[in-house]
Structures are given as structure tokens and as C-alpha cells.
Amino acid sequence: ASTLAFIESSKDGSVSRSSLSLLAAAQKLSNPITAVITGSKAEKTAEALKSSYSCSNLEKLVIFEDSKLDTCLPEQLTPLLVKLLKGGDYSHFVVSNSSVGKSVLPRVGALLDVQPVCEVTVIKDPKTFIRPIYAGNIISTIECQAEKKLLIIRASAFPPIAEGSMDSVTIEKRTDIPPCDLNVTWVKTILTKSERPELTSAQNVVTGGRALKDKETFEKLLSPLADVLHAAIGATRASVDNGLCDNSLQIGQTGKVVAPNLYIAIGVSGAVQHLAGMKDSKVIVAINNDPDAPIFNVADYGLQGDLYKIVPELTEKLGKYK
Amino acid sequence: MSAKQQLRILVPVKRVVDFQIKPRVNKTLTGIETSGIKFSINPFDDIAVEEAIRIKEKNKSLVESTHAVSIGSAKAQDILRNCLAKGIDTCSLIDSVGKENIEPLAIAKILKAVVEKKGSNLVLMGKQAIDDDCNNTGQMLAGLLNWPQATNAAKVEFLDNGRVQVTREIDDGEEVIEASLPMVITTDLRLNTPRYVGLPKLMKAKKKPIEKLDIAKDFPEINIEPQLKIVSMEEPKTKSPGVKLNSVDELIEKLKEVKAI
């Protein structure tokens, strides 16, 4: 048995945070691990992984350094991954639940005739997995008997691998990339600019709900608090739909899933779809003027009252404490 | 003239437990309790239906047909009628005759057969069903057909050169891709807001025919037995109720105690 892991690079060539969590999950399969890295920065990413992190069982990095794989189009990655999986004797193939992982793995699965296990949060043993369904209202334990097991790993459920170095890991350069015969082109990527930590990997998250009324209030109330906590800012679907903030901040069943140390929900009512994306946070604080808001049922600490008084006071006092 | 191809749009729709219902595990811990519970069209599929109708309304000459299909219990008729009432041309129900829990891969294989039979060249479907939360079927269908895919669509445009431009929601922003038909597009929340359909239109749709097929008889070559075994289902342990505090100072004290700050 052996595991193939698909590693993604950040823009600067470093290993993406979700891939570090992916490798942590791959370790739990107790197989030798081969990681595949693609794109024009593949070698840089491979070197960074080798010299800065420690992952037991990781034996080999296979790199395909080719700029046509930079856009990670699933139509281009799929033939390559299918070839690796058919040719190797891998028992497991794992990707993280990033945008790329989610678009490519099911496509690969269809061509291998294997139903993947998606959004895995717990690896019980190499064939038994736990995943949430129904927006996290039900937890399902799944047994997979397939010869090749395909897994989409929920990155937020696995703390990233530790820092260190791996001298014995070998790097294998390959160029045998199968051609893509489909007429599809990447046009552009519009990244949401933010000075703050990345939402899904931030230690602290401050989230604003619909109660914040408008974009200005959202900014004015949340930014200073996020600043003192070095927190990422998140949002509910309602606040996104009402134009209070950008789409990419949405946390929930169909948005991002986060599990920070500290989660502060401000003016968030607590719809099940939102709870699905944050209820595994370690410490949850809810600040809301509605005493019946369901968010109080999942919060460790609740503070009921006027947001416009509480939040600035909290910001000021936390600032002094720090 | 433009190189625009006539669109034959297929919209697969799934009947799921309504998003406002909190599901409960059944007594045998193998599935959820479904009796007496409200079911609706999967919200993302509703967005796909809306998009198909908007494309048709915006450019009548571009669209040759819109067809909705649902695979599942005979009760899925209700959501198909709704699609007809909203403006979808025709629809079919593929009865799974008591088989539940058909996995995305098997669904994708059935949909591939439907695409081939109907000659569809654009599939619009929800990015994810809110029951199993898999987010698989669109990508699988595109893979099986060897078509381009555009998942998590936030905007769909038909260019004069016949290409389709899709703005996709990705982790840290948006991505724009272009492809030629045929292709599969899966819809995300902000693509559109589905319309409400009134009673008169619903009544009228009751008279429209629904093509009825049977998985076993009409798709005998497709294996719908699940590959994955559900060992158990349970409801997550509820956290012990939190503490309500009275002041910011108290909150800061507590956060210090648990080393959250």
C-alpha cells in the first residue's frame, strides 16, 4: 500500500497551507507517501517542503515543472493524475478540499470508476473515514473497499505538519505530461486582496452577521477588533448577500470551513448552514443583541447586548491587554 | 453571422430534505428519518433551473431546448412540475424504484446516457446537493463525457465567437475561464436569485407531460450499487451549553483562563 498526495503551491512557490494539512492527514494512513507537485514553481515548492517541514512516511516528491499546469485546470490535471494512478501501485490518492482539489478529484474518480470519499474529517483506519453530511447535522462513518481509495481531505480538520527538514526525501523530475485535447482556457484570476491572515488557516477569526447593517459598519466595527487579534475576517451568507463584504469571506456549508482557536461571532444569528462552517472552532464567542439567537447554543461564551458598545469596548480592552 | 451554436440545455435536479429542516438519524442509524419531512428542490439546482430559463429569455434564438431531469423517487415529480411552471420546456423522471443512496458516480453515468440520448450540449446543475454535500456529480459527468467543466459559476456569458465565459468562485477570489460547447457548468449561490412561481402557472404545468423512465429497465447497463458502505450515521455531540456573561471584562477574564488570548 502507498499513498499519492497532490500538493499545491502558493503564488510565491511555498507549499499551500491546505497541502500541509493534507500531508498531516496522509500520515494517518500509515503508508509510504509520494507527493506530486505541478506547475512552473514545482521544484521550488518541492525544495521548500523538503527543507522546511517534517512529514513521516514521505519518501518521494514527483515534480512536473511545466507552466501550462500553473492554472490548475482540471481538464489538464486529470489526464496526468489518471496516468500516475493507473501506472503506480498507489492504494490511496488524497487531495485537500481546496478549489482545485474539489474540481479535479471527482473528475479523476469518474475516469477510474471510483466513488471518492469527500470532506473527510477523521481517518479511523486506512479504509474507514468520517465525514459530515447535511451541513454537519449528521456525521457519517464510511467504509471504502475500493482497491484505489480517493479522498478529499477537509484541511481545517487536520493541523498542518510540523516544521523541520527531510533529508532523505528524493525529488524526481518528470516531463511525461499527457496532452489535453479540450478547448478550454484560463482567462484570469481576480484575487481578493487582504492584508489579513488567510481565513481557513487563521488562528483567530472575527465574523460579522447581517446585524451589522452596511459595508461601512461592517468595516468600522470588525477591522479594529481583527487588528488587535491578528484575526481573519469572516462573514455569513446573509451579510455577503446584503453587500456588507466580499463573497470570499463566507463561512458555512457551501462557503469556507474554519476551525480556529478563537471564533468571535458578531451579530450572527447562527443558521445551521453557517454553524456547519465554524462549529469545530475551539473557543466560540457570540455577541448578539437577540437573546434567542441560535448562535448562543454553540457559543462557549455569550454576551448579549448592544454590538456598537460591546465591540469597541472589547477592542480597546484587548488592545491594552496585548 | 456568429458562430454561436444552438443550445440544448440539460438541467439535472435533485429532491432533497428542505434546507430549513434539521435532519435526525433514523432508529437503525443508517440514514435519516424522512417521514413527515418537507422536501424541496436542491437550492443550487434551483439556481441552475433559473439560469437555463434566463439564458432562454435573454436570447430566444440561441436556445433550442431546455430539459430538466430528476433521478430518484417518484415524488420528485413535484420539483419537476415546478421546473415546467417556471419555464423549462420538457422534463423526465428517472425512477430509482425504492433504491436510495445512489452515489454521485452512478448518477453521473445515468446523466451521461441522458445527455447522449437528448443530444444536450450544455449541462447546468447545482455545484453540490445539500444532503450528501459531495460536490461531485458535475465534475464526474464532465469527466465521463470528456467535456470542459466550470464549477462554482458566479457568472455565465455567451461570447460572439461561440465560446462560453464563466466566472467561477474560488478559494481566494474569482477565476474566469473560457471554453467551447459542449460543457458542464455547476452553479454557485450568487449566479442568480431563483424566481418564485405562482399558483396559476403551477396549475397549468400540471397538465404538461412528464417523461417517465425506470433506472433498472431503461439503464440496465449502469450499476447503481453503492461502492461506499455507510457504517453508521450519528448526530454530532451537542456541546454543553455555553456561559452567558454580563460584561466585556468577564469575557476577557474567561478568554485568558482558557488561553484563547
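Naming: A, B, ... by sequence-line order, numbering from 1 per chain. Only this structure's heavy atoms are used, side chains among them; waters, hydrogens and symmetry mates stay out. Everything numeric in this text was worked out from a predicted model, so none of it was measured.
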Closest non-hydrogen atom pair, [X] against [Y]:
X	Y	result
Val184(A)	Pro148(B)	CB-CB, 4.1 Å
Asp133(B)	Arg131(A)	O-NH2, 3.4 Å
Ile133(A)	Asp132(B)	CG2-O, 3.5 Å
Gln139(B)	Pro106(A)	CB-CB, 3.7 Å
Phe19(B)	Val272(A)	O-CG2, 4.4 Å
Gly136(A)	Pro236(B)	O-CG, 3.4 Å

Answer with side chain, backbone, both or neither: which region of [X] has an atom nearer than 4.5 Å to a non-hydrogen atom of chain B?
X	value
Ser281(A)	backbone
Gln203(A)	neither
Val283(A)	side chain
Lys188(A)	both
Phe129(A)	neither
Leu229(A)	side chain
Ser18(A)	neither
Glu75(A)	side chain
Val114(A)	both
Lys309(A)	neither

| Got a salt bridge between Asp241(A) and Arg190(B), using NZ or NE/NH1/NH2 to carboxylate O under 4.0 Å? |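 The answer is yes: the pair qualifies as a salt bridge.
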
Does any heavy atom of chain A fall under 4.5 Å from the side chain of [X], the backbone, both, or neither of them?
X	result
Ala260(B)	both
Ser247(B)	backbone
Val164(B)	neither
Thr151(B)	side chain
Asn146(B)	both
Val243(B)	both
Gln128(B)	side chain

Below 4.5 Å, heavy-atom pairs only: which of [options] has the largest tally toward chain B?
options	answer
Ile130(A), Val240(A), Val100(A)	Val240(A)
Gly109(A), Pro116(A), Cys180(A)	Pro116(A)
Asn247(A), Thr192(A), Thr78(A)	Asn247(A)
Gln273(A), Glu119(A), Glu198(A)	Gln273(A)
Leu314(A), Asn204(A), Leu262(A), Ile139(A)	Ile139(A)
Gly255(A), Ala276(A), Pro74(A)	Pro74(A)

| Tell me, which pairs form a salt bridge (charged side-chain N to carboxylate O under 4.0 Å, His left out) where one or both residues lie in residues 95-115 of chain A, sequence neighbours left out? |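 Listed by first then second residue: Asp113(A)-Lys109(B).
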
Are any non-hydrogen side-chain atoms of [X] and [Y] less than 4.5 angstrom apart?
X	Y	value
Asn261(A)	Lys259(B)	no
Ile170(B)	Thr189(A)	yes
Thr185(A)	Arg163(B)	yes
Val176(B)	Trp186(A)	no

Distance in Å, [X] [atom1] paired with [Y] [atom2], rounded so as to fall on 0.5 Å steps:
X	Y	atom1	atom2	answer
Lys127(B)	Ser103(A)	NZ	OG	12.0 Å
Ile261(B)	Leu318(A)	CD1	CG	5.0 Å
Ile32(B)	Tyr134(A)	CD1	OH	3.5 Å
Thr71(A)	Glu175(B)	OG1	CD	7.0 Å
Leu29(B)	Ile138(A)	CG	CD1	10.0 Å
Ile310(A)	Leu251(B)	CD1	CG	9.0 Å

| query | Between Ser99(A) and Asp171(B), is there a donor-acceptor pair closer than 3.5 Å when you use the side chain of the first and the backbone of the second? | reply |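 Answer holds: yes.
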
| If only atom types and distance count, is the side chain of Lys254(B) paired as donor or acceptor with the main-chain N or O of Asp300(A) below 3.5 Å? |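 Checked: no pair found.
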
Quick check: are there more than 12 heavy atoms from other residues, nucleotides or ligands sitting under 6.0 Å from [atom1] of [X]?
X	atom1	answer
Lys282(A)	NZ	no
Glu195(A)	CD	no
Glu116(B)	CD	yes
Lys317(A)	NZ	yes
Glu147(A)	CD	no

Looking at [options], which has the largest count of heavy-atom pairs under 4.5 Å with chain A?
options	answer
Thr186(B), Ile177(B), Ile230(B)	Ile177(B)
Gln227(B), Met233(B), Glu250(B), Glu235(B)	Gln227(B)
Cys134(B), Ala154(B), Pro226(B)	Cys134(B)
Gln149(B), Arg168(B), Glu103(B), Gln165(B)	Gln149(B)

Will you find, in the side chains of [X] and [Y], an N or O donor that is under 3.5 Å from an N or O acceptor?
X	Y	value
Ser248(A)	Asp172(B)	no
Gln115(A)	Asn136(B)	yes
Asn137(A)	Arg24(B)	no

| field | Verdict with reasoning, Gln145(A) to Leu228(B), per side-chain contact (heavy atoms from CB on, under 4.5 Å) | value | CA-CA 7 Å; Gln145(A) 295 288 3; Leu228(B) 303 175; over 6 Å; no

